[in-house]
Amino acid sequence: MSWYALFVEGGKEELVQRYLELYFNKSNLMSIVPKRKVPEKKYGVTRHVKKKLFPGYILIQTNMDRLTYNKIRNIPKVHSVVNTGPAYSTQQGFYISKLEDKEINFISKLLNEEGLIEYSQVCIENSLVNVISGPLFGMENLIKKVDKRKNRAKLHFDFRGKEMKFDVGIEISNG
């Protein structure tokens, strides 16, 4: 089975995920709405909020054929299956672009079983960020900026040919 991305109506990712669970058996299609946990301070109180990693998108793993494609397209709030080329050509027949292995491997390394990027514990010495534990362990090169006041790290990486930027929560330790 391969991984694909669905473009869905914004804010309706969980609803579409429930539809997918109703329409498909888990052995035929698995879906995930990747999220990240970030601290937010409001009125002096810090809360730990879950935000979508890719708002408006759901990642699915399935064997994509014409029947599966049409079934997905008929689910309410699904706009399209993300594709980098034509869905049908006379030379190749039916074709939908898969997510590249490096992209899905990177995302799956960050996510836990619930599809959430948890906090990583970091140590900052002489402006160098060292990840001690957590999903960012060994990925220090992706961290472009650290906001000590908000306890967030800004990550940059390529996804579907675009540079993606997003914040993840971190815990800063003192050496």
Side-chain angles (χ1 to χ4, degrees), residues 2-21 29-61 77-84 97-175:
S2 300
W3 285 92
Y4 302 88
L6 299 181
F7 178 53
V8 302
E9 187 176 319
K12 304 295 182 189
E13 296 88 352
E14 282 84 6
L15 175 67
V16 172
Q17 190 174 30
R18 285 194 294 269
Y19 276 122
L20 289 169
E21 290 168 359
L29 185 141
M30 188 184 89
S31 64
I32 189 166
V33 179
K35 295 181 181 155
R36 58 199 168 97
K37 187 173 165 183
V38 291
E40 281 190 354
K41 200 173 220 178
K42 197 170 190 176
Y43 306 116
V45 178
T46 301
R47 299 177 316 155
H48 306 282
V49 180
K50 294 177 185 175
K51 293 189 172 198
K52 293 175 184 76
L53 188 61
F54 308 117
Y57 292 90
I58 296 177
L59 304 181
I60 60 168
Q61 185 179 30
K77 313 294 182 194
V78 172
H79 292 303
S80 64
V81 178
V82 177
N83 201 16
T84 56
S97 14
K98 305 170 187 174
L99 293 177
E100 293 182 29
D101 288 340
K102 68 178 182 173
E103 295 171 331
I104 199 66
N105 289 340
F106 168 71
I107 293 167
S108 61
K109 283 179 187 175
L110 291 174
L111 300 175
N112 66 11
E113 305 82 43
E114 292 91 42
L116 180 68
I117 301 175
E118 291 281 355
Y119 294 159
S120 291
Q121 191 168 10
V122 301
C123 180
I124 302 171
E125 293 179 30
N126 301 328
S127 300
L128 291 175
V129 179
N130 184 28
V131 179
I132 300 164
S133 65
L136 294 176
F137 185 74
M139 298 185 195
E140 288 86 355
N141 60 321
L142 299 175
I143 300 172
K144 301 301 178 194
K145 183 180 176 184
V146 172
D147 188 332
K148 292 180 185 179
R149 188 177 60 81
K150 290 184 178 180
N151 285 341
R152 291 183 181 197
K154 184 168 286 295
L155 304 183
H156 292 211
F157 73 99
D158 288 332
F159 185 74
R160 305 301 303 159
K162 293 184 197 173
E163 184 179 49
M164 301 293 292
K165 301 174 186 177
F166 60 89
D167 290 346
V168 294
I170 58 172
E171 295 172 346
I172 301 173
S173 66
N174 299 328

- What do you reckon, is NZ of K150 surrounded by more than 12 foreign heavy atoms closer than 6.0 Å? no

- Would you name the heavy atoms of L116 and K37 that are closest together and state the gap between them? CD1-N, 3.8 Å

- Item | Residue among V129, I117, V168 satisfying side-chain contact (heavy atoms from CB on, under 4.5 Å) with L136 | V168

- Query: Atom CG in L128, atom CD1 in I143: separation rounded to 0.5 Å?
  - Reply: 11.5 Å

- Message: Nearest 0.5 angstrom please: Q61 CD to L29 CG, how far?
- Response: 9.0 Å

- Taking E140 for its side chain and V131 for its backbone only, find out whether a donor-acceptor pair lies under 3.5 Å. yes

- Message: Which heavy atom of P55 sits nearest to which heavy atom of K52, and what is that distance?
- Response: CD-O, 3.9 Å

- Query: In this structure, are over 12 heavy atoms from other groups packed under 6.0 Å from K50 atom NZ?
  - Reply: no

- Query: Is the closest side-chain heavy-atom distance between L110 and L53 below 4.5 Å?
  - Reply: no

- Task: Give a yes or no answer on whether the side chain of R36 reaches the backbone of D167 with a donor-acceptor pair at less than 3.5 Å.
- Result: yes

- Here the pair of heavy atoms bringing P39 nearest to Y119 is N-OH, 3.2 Å

Cut-off 3.5 Å, no hydrogens considered: what does the side-chain donor-acceptor table look like for residues 7-20, sequence neighbours left out?
unit_1: E13; atom_1: OE1; unit_2: G11; atom_2: N; d: 3.3
unit_1: E13; atom_1: OE2; unit_2: G56; atom_2: N; d: 2.5
unit_1: E14; atom_1: OE2; unit_2: K35; atom_2: NZ; d: 2.7
unit_1: Q17; atom_1: NE2; unit_2: S31; atom_2: O; d: 3.1
unit_1: Q17; atom_1: NE2; unit_2: S31; atom_2: OG; d: 3.4

- Query: Is a donor on one side and an acceptor on the other found under 3.5 Å between the side chain of S2 and the backbone of K98?
  - Reply: no

- Message: Any non-hydrogen side-chain atom of H48 less than 4.5 Å from a side-chain atom of E118?
- Response: no

- Which heavy atom in F106 sits nearest to a heavy atom in L142, and how many Å separate them? CE1-CD1, 2.9 Å

- Decide side chain to side chain contact (heavy atoms under 4.5 Å, CB included) for N130 and E125; before the verdict, give the C-alpha distance in whole Å, the side-chain angles of both, and the deciding distance to 0.1 Å. CA-CA 8 Å; N130 184 28; E125 293 179 30; over 6 Å; no

- Item | Distance in Å, E171 CD paired with Q121 CD, rounded so as to fall on 0.5 Å steps | 6.0 Å

- Task: Return the minimal non-hydrogen interatomic distance between I32 and W3, and the atom names on each side.
- Result: CG2-CZ3, 4.0 Å

- Say you draw a straight line from CG of L59 to CD of E103; how long is it, rounded to the nearest 0.5 Å? 10.0 Å

- Item | Nearest non-hydrogen partners of G134 and S120, listed with the distance | C-OG, 3.6 Å

